[in-house]
Each structure stands twice: as structure tokens, then as C-alpha cells.
Amino acid sequence: WQQAMGSHTAGGSQAPPPPPAAAGGGETQRTQYPYVTGTSVIALKYKDGVIMACDTGASYGSTLRYKSVERIKAVGKHSLIGASGDLSDHMWDDGNSLGPKEIHSYLTRVMYNRRNKFDPLWNSLVLGGVKKGPKGDEKYLGMVNMIGTHFEENHIATGFGNHLAIPILRAEWHEDMTFEEAVKLVEKCLLVLLYRDRSSINKFQIAKITAEGSTIYPPYSLKTYWGFSHFENPAQGAVGSW
Amino acid sequence: MQTSKQNWAECRLPSPLDRPSLKAHRRPNILAERKAQHEYWRRPSFFLLPQSNPASAGCCFNSNSDPRTKEKGKRRERVREREKRGKKQPRRSPLSHRLRTQIRMTGSMDLPAKGGFSYDLCRRNDFLEKKGLKVPGFLKTGTTIVGLVFQDGVVLGADTRATEGPIVADKNCEKIHFMAPNIYCCGAGTAADTEAVTDMVSSQLQLHRYATGRESRVVTALTLLKSHLFKYQGHVSAALVLGGVDVTGPHLHTVYPHGSTDTLPFATMGSGSLAAMSVFESQYKEGLTREEGIQLVSDAIRAGIFNDLGSGSNVDVCVITKGKTEYLRNHELPNPRTYVSSKGYSFTKGQTEVLSTKITKITQLKQKVEVAEGGDAMEE
């Protein structure tokens, strides 16, 4: 079940996983430290469902190795999983009709038990979904850590997003945002991450899940601003500094 | 550098106590002796940190190997011999002796007369570390400090929490330090280091103002700070946001503990710097007005206060413009004490039920023990 990300998957496709033996990581291999890693994932609940976004880069140590990695996957009909951390530890299910809450508890159990056996899956997984419940469409957004920490929230960020995106989300998230507002807020966070996280790239992918199903949009770039006057000649007031 | 075979006895400098007589006419090189003695007594102490208890600073000093104890032993013998012969001791109050011992023990940070670094204690430190002695770590204080440049000048901001490990030591401390009437500096890192460094550079700037007769420039403060911090190779743990307005315009710089600096339009430092930076990166633009600048700085500090555990309490803001500085102490108080009993704590008599009473008389002392006076005062 361990899907190795040795090969690129261009955004959007749902190709079946290569057989585990061929992909450089057998079922008995232990991840003691992460090799190829993805950076943060941001997700938040809005009026119709859950929106999730991340960049499409994967780093190999300090090299930006892969630039078109899809880190958000649709799982079943009702959920999306976004993963940050080691990419070869991606777990995914094969199209059952499990709801997001069930998948979240399943993942929690898996992650926690792996950690107890000192064989962790080096990931922070974000799980979002919408399922028809007794009160109508219930949105669900939760996170599981590599050590098994799990919780449910209105907005989630993993990795560096914990420090950079969560202050913005806490200040500016509110109930029942429209899709446009939600995308704008997510883009704000992604831009800050682009400026300040060294392992992020300017190519993002947004995915949304609503009662009708999941949509993963093609990757796109954000506009950055570098035109501050202080950036042009920073040493003009302090000769010899930079 | 000394070889490993040498021990402390061989390293010591000559002391005037080696001489048989203390009379001045028999010691022609008294100046050289005094200088050597001064250098020996005032060599750098074991830890560069100020010790919390000066009397215990010498606890890491092994009296068996240190040549000073042998000298003291000789000195005691000499004193006893003098007493036997009936001669008077030179007048010296016991208190001054205790004080001088304490001062010797705490040592000082004086460098050798030639200048540069003194590596006297490095070998001994290594040896002790191999034996398992743990060097005390630095107490980092959590902080959020920010600065930004707006159209008329510079706005600096800071939170007001000083932590000692997991405990809040000071709920409302001042992190924005005065450097010059037109230059202020926010400090993050070890509180003692930031205060000492900013005080020192502030005094140097004042002297410089007297010498030149001009208003201080921000680059002067910057250069003084970075050269001092570089000299100490990052051991002076002070991360600063320096901002001010001088004849050349408004300037904002960050100074890191190792001595590097940045010149930026907006800057954040401290443990809450990421939270504050996220606010700046998403909302900063050029040509902000004074109100917008203050609002943005307060937002950034509040993001640090509520999203970082090391920062908290209130928001301090300092606005510096050409010719005018406003220090808005406790500009915002987003953490008020909400649950305070209006009656205070008072317990009226009769509120506590008495279950039983037992009276025990304290008996008189049966035995009085006399303490015999010892020969010498307690030596450390």
C-alpha cells in the first residue's frame, strides 16, 4: 500500500500506483528520516464545502527536486487528502464510500500505531470532505500528524504553514465564506509561504470538495511583488551594510 | 598554545607573596609586580554568564590544583609565625577580605592588556566538560519585535512579556530601548544582553554627540552594535530591530546575534517573528500613513501575542519622525484581567468554623551551648 513517489505524476491524473517492490521502498522499509518532502498544506471550510491548497514542489534535502508533484488526492467520493512530509509514505484508499470522518479515524489509527512501533509514516495529512449526514451536508476538516496527533478544525495548515498561515487564518476566517473569498484567503496565505518558506515554489494547486464531489484545479502561479524602494538600494543609508 | 603536559602550577604568574619580605625598598620592580598580580587575579572567569549567586561562582574551581590555595596556606603559616614573634598584623578588616575574595571568585571579563581574546580557561573548560560538567544554557526570552518604515518615518513595536523558561518573569517589561532622541532599538534574545548592549551603545552615541555636536545617525548605532556583537561571536545573544530618523532619512535595520545586519522596509525578530511577518507580508505597502503604520504594527504584535507562547501581554509602540519621537507605552492592552473580585480577598472573623482547640506551652531552654571562637574566619 505504500505508494512511492519516485516518478512524477503531472497534476490531475489518478493513475494507479506502481507496484511497491519496483519503486525503491518495500513494505518492510522503515522511514527513519524523510527523504523527498513536500512543504505545507492549507485547508479551510467555506460555505459549500472544504478547500485545500498546496504548492507542487518536492524537495530532496535542500534541492528542489520535483516541481510538479500532486500532493492532494481525492479519496473515495467524499474526501480529499493533502500530505506534507515524506512523499513515499503517502497512503491512499481505493475508492470506497467511506466518509471523511471515517477515513480520518482510520488514518489516525494507522499513523498512531505505526508511531508506536517506531516505524512512523513521516507525514502530516490533512483530510477534508463533505458527506451527507442526518442534518444535511456536513463539512469535515481534520489533520493527522506523524505521531498520531489528530484534531478537527475550521482551518488547518501543516508544516511551515503552522507558523506563517495560521495567524492569518485565525484573524480572517469566518463562517460561510463564498468560494471566491475562500480562494482569496488561501492565496494570501500561499503568497506569504512563497515569500518566507525556502522549500516552496510559485506553482500551486487548489482543490475543493463539495457535496457534488471533488475538483482538483490545474496548477497556477501567483503574482509576487518585489518593488519596494528599500529593496532597490538597501545600502544607501548605511554604506557597507546590505 | 600550552602543551598538554603543563599543569596549572607551571602556568601561574609570579606573585609578590613568593618574596620573603613585603618591604617596598626590597622590591625594585614593584610596578611590574603589581601589574602581574593584577592580571593574574583578574583573569576571565569560567562562565561568561553572570552567576546568580556570586558566592557560588567559585564552585567549579578545584582548590587542590589551584596554586592560590597553596599560597594561602603559606600565608596562614606566615601570619601565625608573626603572631608568635609578637609582631602586629597589618590592619585589614575581615569584611574587606570577604569582599575581596568574592570579587576574585566572580572574576571579570577584562581582556589582557595587549587586547584580543584570552583563551586561558579553554583547556580547563574542555577537561571539565569531558568529565561530565554541563555548561548552563542561555535563557532565551520569547518575544515579538517589529519595525516598519512609513511615509514620514519609522514605527517600532514590541510585546511586553519576559519569560524565564516556562514562567512569565515580567508581565509588562519594556523591550523598546532608548539609543538617541531620534533612534530607538527593540531587543529580543537574552534580556540582559539586549539591555547591556543597547545601554552601552547609547552611552557611546551620547559621547559621540558631544564630540561632533550633531544629531546621531542610525548607521552609527548600527556599526557600533554590529562590531560589538561580531567581536563576541554570537555569545552576546541580542537580536535587535534598530530604527530611527536622521538627516539622511528614515532607516530600519535588523541586527543578528552574530553581527550581521539587514536594511529592510519591514522587519520582525524574536520567537513570534513568523506570526508577525505573515501579517506584514500580506498587508504591508509603501507610503503608509501614521495611523495605518501604527495599526499594522499593532496587528503584527497581536498576531505574535496570540499565536506564539513566548510573547504576550501588551503592545508597545514607538513612532519616530523627523524631529519628534512618541513612545506609546502600552498602546494596546489585549489581555486584561477580566475576573477580579470587586470585594477583594477578605475573611471576616467567625467565618471559619473552629473544630477543636489545643494549647501547648513553649518550655524554657534547659541548656545553653556556648560556641567557641575559631582561629580563622571561614575561608571559601
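In what follows, every chain begins at residue 1, and chains take the letters A, B, ... in the order their sequences are listed. Worth knowing before you read on, the calculation uses all heavy atoms, side chains too, and leaves out hydrogens, waters and symmetry mates. None of these values were measured; they are calculated from a predicted model.
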Kindly check if the number of other-residue, nucleotide or ligand heavy atoms within 6.0 Å of NE2 (B:His228) is above 12?
yes

Can you see which heavy atom on B:Glu286 is nearest to which on A:Gly227, and at what distance?
OE1-O, 4.0 Å

Value rounded to 0.5 Å, distance of OH in A:Tyr225 from OH in B:Tyr284:
9.5 Å

Is it true that, when you exclude A:Leu64 itself, more than 12 heavy atoms of the residues, nucleotides or ligands shown sit nearer than 6.0 Å to its CG?
yes

Measure the spacing between CZ of A:Phe228 and CZ of B:Phe266 and express it to the nearest 0.5 Å.
4.5 Å

Over 12 non-hydrogen atoms of neighbours within 6.0 angstrom of CZ in A:Phe231:
yes

By a 4.5 Å heavy-atom criterion (distance strictly below it), what part of B:Val218 contacts chain A: side chain, backbone, both, or neither?
neither

Would you please go through residues 177-193 of chain A and name the residues with a non-hydrogen atom below 4.5 Å from one of chain B, in numerical order?
A:Lys188, A:Val192

Pairwise distance OG1(A:Thr224) to CD(B:Glu281) - rounded to 0.5 angstrom:
10.5 Å

The reported gap from OG in B:Ser278 to NE2 in A:His163 (rounded to nearest 0.5 angstrom) is 11.0 Å

Nearest heavy-atom pair of B:Pro265 and A:His230: which atoms, and what distance?
CD-CB, 3.6 Å

Would you name the heavy atoms of A:Leu164 and B:Leu274 that are closest together and state the gap between them?
CD2-O, 3.3 Å

Any idea which of B:Ala303, B:Gly304, B:Ser282 has the most non-hydrogen atom pairs under 4.5 angstrom with chain A?
B:Ser282

Looking only at heavy atoms, which of residues 148-155 of chain A get nearer than 4.5 Å to chain B?
none

Side-chain contact test, heavy atoms from C-beta onward, threshold under 4.5 Å: evaluate it for A:Arg170 versus B:Phe306 and give yes or no.
no

